[in-house]
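Before any comments, here is the structure.
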Amino acid sequence: MDPRIHLVVAAASHNYAIGSNGLLPWRLKGDMLFFQLITTYFGIPPSALDTAPPNTPNYVIMGRRTWESIPSKFRPLPNRTNLILSRNPDFARNNPSLLTFATLDAAIAYAKGSKPATSSIFVIGGASVYAEALARPDCGYVFYTNVQVPQHALEGIKFDVFMPAEFMDGSAFRRVADEEVLSTILPRKVVAECCAGGDLTVSENGFQYEYQVYVRNNL
Ligand SMILES: NC(=O)c1ccc[n+]([C@@H]2O[C@H](COP(=O)([O-])OP(=O)(O)OC[C@H]3O[C@@H](n4cnc5c(N)ncnc54)[C@H](OP(=O)(O)O)[C@@H]3O)[C@@H](O)[C@H]2O)c1
């Protein structure tokens with residue numbers, strides 16, 4: 001098991017917004033594929049990449065509202081072990097089939113303590129869960145999609161959840177150079193399916209977004 005945890009997030013470039021009215025502020029098919037593939041295949045040895053689904057599922061940890069934002073037909077997120085955070089004991093009682101935890105520490109301890117040994121752990125939101133995860137010394141990579149929202153889309157969106165973006169100030173994390181992202185960090189499958197021609201910038205429906213990777217300074 002990779003001893004670190006990692007974050008995946010897509011945020012608006014101008015204000016770090018990540019949510020609107022309980023949902024994502026946009027629908028970007030390319031970024032959704034990136035999210036699916038990075039959380040499913042990161043850390044899987046290249047020799048096992050042809051195995052679909054992977055024999056050793058990664059973990060995705062999310063707050064209760066993020067869980068509820070996923071359409072019921074798409075949850076739990078397939079081929080990954082879904083862990084949901086809620087402080088409300090009724091949520092666990094009413095959802096006995098889910099793996100629910102009252103603290104982020106408890107969810108991470110569960111993931112780290114369980115088999116199989118090659119799984120990776122991803123924190124996938126929302127805002128306070130990201131903030132708590134970023135403060136942990138075992139937080140390694142942040143997979144950050146920087147979304148430029150076009151003017152026409154801005155007019156229809158009321159942003160109400162925001163990424164804690166202080167991690168970008170350079171004190172604890174540094175941005176990884178694009179060449180290294182493509183050659184060593186992203187699984188080959190992600191590069192092949194999401195980064196046509198080795199390009200980390202994507203245009204879709206007037207949106208332009210860039211896959212960026214940040215890593216804890218001492219790693
Ligand atoms: N753009 C992106 O990449 C991205 C990613 C994720 C989510 N989102 C968006 O963000 C919004 C949801 O995020 P959010 O920040 O509002 O909510 P959230 O973090 O998903 O959920 C908040 C809830 O999670 C539980 N929780 C949070 N931290 C906890 C902890 N440390 N221990 C135990 N329980 C904890 C609590 O549930 P109880 O109230 O049940 O106690 C809390 O009310 C949606 O709009 C979603 O679409 C966007």
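Start at 1 and go down the list; that is how both ligands and their atoms are numbered. Heavy atoms only: backbone and side chains are in, while hydrogens, waters and symmetry mates are out.
Distances below 4.0 Å separate heavy atoms of Ala10 from the following atoms of ligand 1: 1 (N), 2 (C), 3 (O). Distances below 4.0 Å separate heavy atoms of Ser128 from the following atoms of ligand 1: 27 (C), 28 (N). Distances below 4.0 Å separate heavy atoms of Val9 from the following atoms of ligand 1: 3 (O). Near Ile124, meaning under 4.0 Å from any of its heavy atoms, are these atoms of ligand 1: 5 (C), 6 (C). Heavy-atom contacts of Gly22 reach the following atoms of ligand 1: 44 (C), 45 (O), 47 (O) (cutoff under 4.0 Å).
With hydrogens and angles disregarded, a donor-acceptor distance shorter than 3.5 Å links the side chain of Asn58 to the backbone of Phe42. Tyr41 places no side-chain N or O within 3.5 Å of a backbone atom of Pro187 that could act as its donor or acceptor partner. Here the side chain of Thr39 pairs a donor or acceptor atom with the backbone of Gln36 at under 3.5 angstrom.
Of all heavy-atom pairs between Ala17 and Phe159, the closest is CB-CD2, 3.2 Å. Across all non-hydrogen atoms, the minimal contact from Cys139 to Leu134 is SG-CA, 4.1 Å. Closest non-hydrogen pair, Thr103 versus Ala106, comes out as OG1-N, 3.0 Å.
Evaluated by nearest non-hydrogen atom to atom 13 (O) of ligand 1, the leading choice among Ala107, Gly63, Gly126 is Gly126.
With hydrogens left out, the protein atom closest to atom 7 (C) of ligand 1 is Thr66 OG1, 3.2 Å, a heavy atom. Here the protein heavy atom with the shortest distance to atom 29 (C) of ligand 1 is Arg87 NH2, 3.4 Å. The closest protein non-hydrogen atom to atom 16 (O) of ligand 1 is Arg65 NE, 3.1 Å. Atom 4 (C) of ligand 1 has as its closest protein heavy atom Leu24 CD2, 3.7 Å. Of all protein heavy atoms, the one closest to atom 40 (O) of ligand 1 is Ser86 OG, 2.6 Å. Here the heavy atom of the protein found nearest to atom 11 (C) of ligand 1 is Val161 CG2, 3.9 Å.
A salt bridge does not link Arg136 with Glu132: every distance from a Lys NZ or Arg NE/NH1/NH2 to an Asp or Glu carboxylate oxygen is 4.0 Å or more.
In terms of polar-atom proximity, Ile18 is counted as a contact of ligand 1, with an N or O under 3.5 Å from an N or O of the ligand. Considering both main-chain and side-chain atoms, Leu23 comes within under 3.5 Å of ligand 1 through a nitrogen or oxygen pair.
Contacts of Ala102 with ligand 1, taken as heavy-atom pairs under 4.0 Å, involve the backbone alone.
Relative ring orientation between Phe143 and Phe122 is described as tilted, the plane-to-plane angle lying within the 30° to 60° band. Aromatic ring pairs are classed by plane angle as parallel below 30°, tilted from 30° to 60° and perpendicular above 60°; the pair Tyr110 and Tyr59 is perpendicular.
Close to ligand 1: Glu132, with a non-hydrogen atom less than 4.0 angstrom away. Residue contacts with ligand 1: Tyr130 is included, with a non-hydrogen atom under 4.0 Å away.
For Arg175, the CZ atom sits in a packed shell: over 12 heavy atoms of surrounding residues, nucleotides or ligands are nearer than 6.0 Å.
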